[in-house]
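Naming convention: chains lettered A, B, ... in sequence-line order (proteins, then strands); numbering from 1 in each chain. Quick caveat, the model's predicted, so the values are computed rather than measured.
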Amino acid sequence: MLRRKYRLMWEPTNTPEADRVRKLHQLLERGLAPYPNRVQRTHSTAEARSAFEAEENENRETPEPVEVTVCGRIVRQNLKGKVYFAHIEDGDGRIQLFVRIDNVGDDTFAMIKNELDLGDFIQAGGTMMRTRTGEVSVMVHDLILLSKALSPLPIIKEQTTGDGEVKRFGAFSDVEERYRQRYADLAVNAESRHIFRQRARTVSALRSFLDNEGFLEVETPILQPIYGGAAARPFITHHNQLHQDLYLRISFELYLKRLLVGMYDAVYEIGRDFRNEGVSYKHNPEFTQLEFYKAYTDYFGIMNLTERMLAYAAQQVTGSTTIVFGEHTLDLTPPWQRITLRDAIRQYSGIDYIDYPEADALHRVMQEAGVETPKGATWGRLVDTLLGTVVEPRLIQPAFILEYPRDISPFAKTVPGDETHVERFEIFVGGMEMGNAFTELNDPVDQEARFIEMERLYSDEDDEATPIDEDYLHAMRYGMPPCGGCGIGVDRVVMLLTNRSTIREILLFPHLRER
RNA sequence: GGGCGUGUAGCUCAAUGGUAGAGCAGUGGCCUUUUAAGCCAUUGGUUGGGGGUUCGAGUCCCUCCACGCUCACCA
């Protein structure tokens with residue numbers, strides 16, 4: 001019966017796999033379950049170690065025996081005739097098993113010798129001890145297989161030198177394979193596992209910061225009948241029964257601000273945005289966004305909150321507000337540098353865009369300065385190009401860039417007495433844009449005019465046109481409190497705090513082309 | 001989409017246009033405190049796919065695929 005159940009549909013593709021399949025059949029013939037249902041773990045590897053060390057410290061003279069049953073994946077093994085050493089690893093760490101044929105009996109030892117491979121999960125019961133060299137180990141008297149690994153994992157060997165430095169041999173380092181088979185990367189590369197723990201801590205730090213500031217966490221639609229809140233091409237999908245096209249959201253902005261109309265004073269959402277655009281070291285088609293909106297404040301209030309929030313996250317994740325990113329040391333301790341976009345561009349390029357109020361003139365002076373310009377760009381787009389090419393790469397230490405051209409910011413209030421600029425800032429750290437914030441526009445008449453303006457500006461590039469969201473205008477006509485809001489690219493923050501130069505390293509399953 | 005680069009055994013990597021190799025993993029031995037264990041023997045390849053040049057191609061050329069870096073795009 002067992003044999004029939006294990007008739008393989010899958011063909012081993014190489015000798016190591018064929019060997020393991022043979023061992024699977026050998027186990028079945030001996031009546032041993034290769035994937036049993038029940039486990040009886042009493043200690044994680046770390047708990048077993050600390051229980052033993054505690055006993056050693058308490059009863060130095062006559063320590064009581066410490067009995068444990070530990071489980072884990074075999075990551076190193078060494079069969080020496082009638083003795084078998086193995087390191088097993090679980091989520092906590094590793095521990096060595098010391099198995100003598102006298103302690104486990106001939107049958108179990110034969111199983112170890114003939115059927116056990118690196119990568120298998122096993123359960124081992126025994127007594128804690130130290131080997132001759134002092135390594136804390138389990139002297140095993142019971143050992144069973146928990147899960148047979150049919151494909152070999154990449155083997156990584158490590159040597160700890162005298163100064164505690166770990167040398168690695170045969171590391172699984174092929175970048176593409178690490179992304180395509182993230183499970184294998186995580187299984188063998190502890191530092192990859194570490195990155196995603198750091199990622200979780202980052203998200204949880206942002207969340208707890210905002211919770212403590214009185215923000216309410218909300219969830220708004222991912223499938224939207226009208227997309228908006230940013231300028232990006234959307235992914236389009238379809239609801240069959242409603243016969244309706246839907247868009248995967250490109251931002252949360254318009255839904256969160258509806259909630260301020262609904263009398264929540266402060267809301268935030270952490271979730272996925274989708275943009276149908278290019279992939280790069282800092283772009284993935286789906287990415288994690290944090291947006292938060294607060295009533296009765298403006299973009300200065302949001303600035304203060306944001307720098308405190310990111311400093312808090314850095315402290316929680318790395319233990320310091322000073323972090324290493326590539327070749328730079330970044331100090332996230334508030335307050336951060338604040339400089340207007342106009343001054344920043346003037347400082348880094350010598351161009352004062354106020355002197356060139358027409359797109360043609362600005363275009364010309366940019367060409368003279370050797371800045372490549374996008375075709376048919378509006379004046380605002382040109383200013384933004386200057387920001388991206390001239391300023392952004394130089395903004396290593398955290399900085400707020402303030403006051404943006406009005407025509408590229410349809411959801412922000414204008415600067416009093418300056419119709420060409422809006423109260424908007426972007427956050428730059430490590431040469432990357434981290435976030436974008438405004439004193440939010442709450443004037444429904446102005447907002448409608450902006451929508452129409454945007455529609456006109458982009459009508460000839462239909463895939464970037466921003467559709468008018470009538471329902472959003474309707475909400476705003478009920479009255480929206482004055483407010484400030486901000487969007488933070490969570491993936492980029494994680495890149496900073498984990499010191500990774502590409503977004504793919506901090507996404508568990510980054511987008512890759514189909515093979 | 002453009003430019004540059006990479007792709008060889010399960011993993012990490014070698015190989016002037018001239019017989020495709022090593023270490024680890026695997027397989028068969030020896031070994032009752034090893035830890036990159038060791039020793040002896042040994043299996044393993046459509047050199048990313050396809051086409052071309054050549055007496056002969058992993059190597060040179062063309063093309064396709066994937067990945068990396070970079071530029072463009074991403075208000």
Participant: Got a sec, which pairs hit salt bridge (Lys or Arg N to Asp or Glu O under 4.0 Å) with one end in residues 436-446 of chain A, sequence neighbours left out?
Facilitator: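 Checked against salt bridge (Lys or Arg N to Asp or Glu O under 4.0 Å) - neighbours excluded - the pairs reaching residues 436-446 of chain A are A:Lys257-A:Glu440, A:Arg406-A:Asp446, A:Asp446-A:Arg450.
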Participant: Using a cut-off of 4.0 Å on non-hydrogen atoms, how would the nucleic acid contact of A:Glu158 be classed: base, sugar-phosphate, or nothing?
Facilitator: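 Result for A:Glu158 = sugar-phosphate.
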Participant: Between atom CD1 in A:Ile74 and atom P in B:A25, what is the gap in whole Å?
Facilitator: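 Answer to the nearest Å: 14 Å.
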Participant: Hey, can you tell me if A:Phe85 and A:Phe98 have their rings parallel, tilted or perpendicular (30° and 60° cut-offs)?
Facilitator: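 Ring orientation, 0 to 90° scale: parallel.
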Participant: A:Arg22 and A:Gln26: side-chain donor and acceptor closer than 3.5 Å?
Facilitator: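 Yes, a side-chain donor-acceptor pair sits under 3.5 Å.
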Participant: Describe the nucleic acid contact of A:Asp384 in one word from base, sugar-phosphate, nothing, applying a heavy-atom distance below 4.0 Å.
Facilitator: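 Answer is sugar-phosphate: A:Asp384 comes under 4.0 Å of backbone atoms only.
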Participant: Give the rounded distance in Å between these two atoms: CZ of A:Arg76 and P of B:A36.
Facilitator: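 After rounding, the reported distance stands at 7 Å.
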Participant: To the nearest Å, how far apart are A:Leu79 CG and B:G29 P?
Facilitator: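 From A:Leu79 CG to B:G29 P: 11 Å.
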Participant: Take the protein atom NZ of A:Lys282 and the nucleotide atom P of B:U70, then report the distance between them rounded to whole Å.
Facilitator: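 A:Lys282 atom NZ is separated from B:U70 atom P by 10 Å.
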Participant: Would you classify A:Pro410 as touching base, sugar-phosphate or nothing, given that sugar-phosphate means primed atoms plus P, OP1 and OP2, and contacts are heavy atoms under 4.0 Å?
Facilitator: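 Base contact.
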Participant: Remember a base hit wins even if backbone is also touched, and classify A:Ser137 as base, sugar-phosphate or nothing at under 4.0 Å, heavy atoms.
Facilitator: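 If one applies the 4.0 Å heavy-atom cut-off, A:Ser137 turns out to touch nothing in the nucleic acid.
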Participant: For A:Gly380 and A:Phe85, take the nucleotide of RNA chain B holding the closest heavy atom to each; which residue's nucleotide lies nearer the 5' end?
Facilitator: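 That would be A:Phe85.
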Participant: Can you tell which of A:Leu32, A:Val21, A:Asp117 makes a side chain to side chain contact (heavy atoms under 4.5 Å, CB included) with A:Lys148?
Facilitator: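 Result: among A:Leu32, A:Val21, A:Asp117, A:Asp117 is the only option passing the side chain to side chain contact (heavy atoms under 4.5 Å, CB included) with A:Lys148.
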Participant: Quick check for you: among B:A75, B:U33, B:G68, whose closest atom lies nearest to any side-chain atom of A:Val175?
Facilitator: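 Nucleotide nearest to A:Val175's side chain: B:G68.
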Participant: Side chain of A:Glu135, base of B:U33: donor and acceptor closer than 3.5 Å?
Facilitator: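 A donor-acceptor contact between them is absent.
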Participant: Please name the residue in the list A:Glu448, A:Glu453, A:Gln447 that meets the side chain to side chain contact (heavy atoms under 4.5 Å, CB included) test with A:Phe451.
Facilitator: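 Testing A:Phe451 for a side chain to side chain contact (heavy atoms under 4.5 Å, CB included) against A:Glu448, A:Glu453, A:Gln447 leaves exactly one candidate, A:Gln447.
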Participant: For a quick check, tell me whether the side chain of A:Thr15 and the base of B:U43 share a donor-acceptor pair closer than 3.5 Å.
Facilitator: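 A donor-acceptor contact between them is absent.
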Participant: Report which part of the nucleic acid A:Ile101 touches: base, sugar-phosphate, or nothing (heavy-atom distance under 4.0 Å, all strands).
Facilitator: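 Base contact - A:Ile101 has a heavy atom under 4.0 Å of at least one base atom.
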Participant: Among B:C74, B:G68, B:C30, find the nucleotide with the atom closest to the side chain of A:Lys113.
Facilitator: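 Shortest atom-to-atom distance from the side chain points to B:C30.
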Participant: Rounded to whole Å, please give me the gap between CG in A:Leu153 and C1' in B:C24.
Facilitator: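 About 14 Å, once rounded to whole Å.
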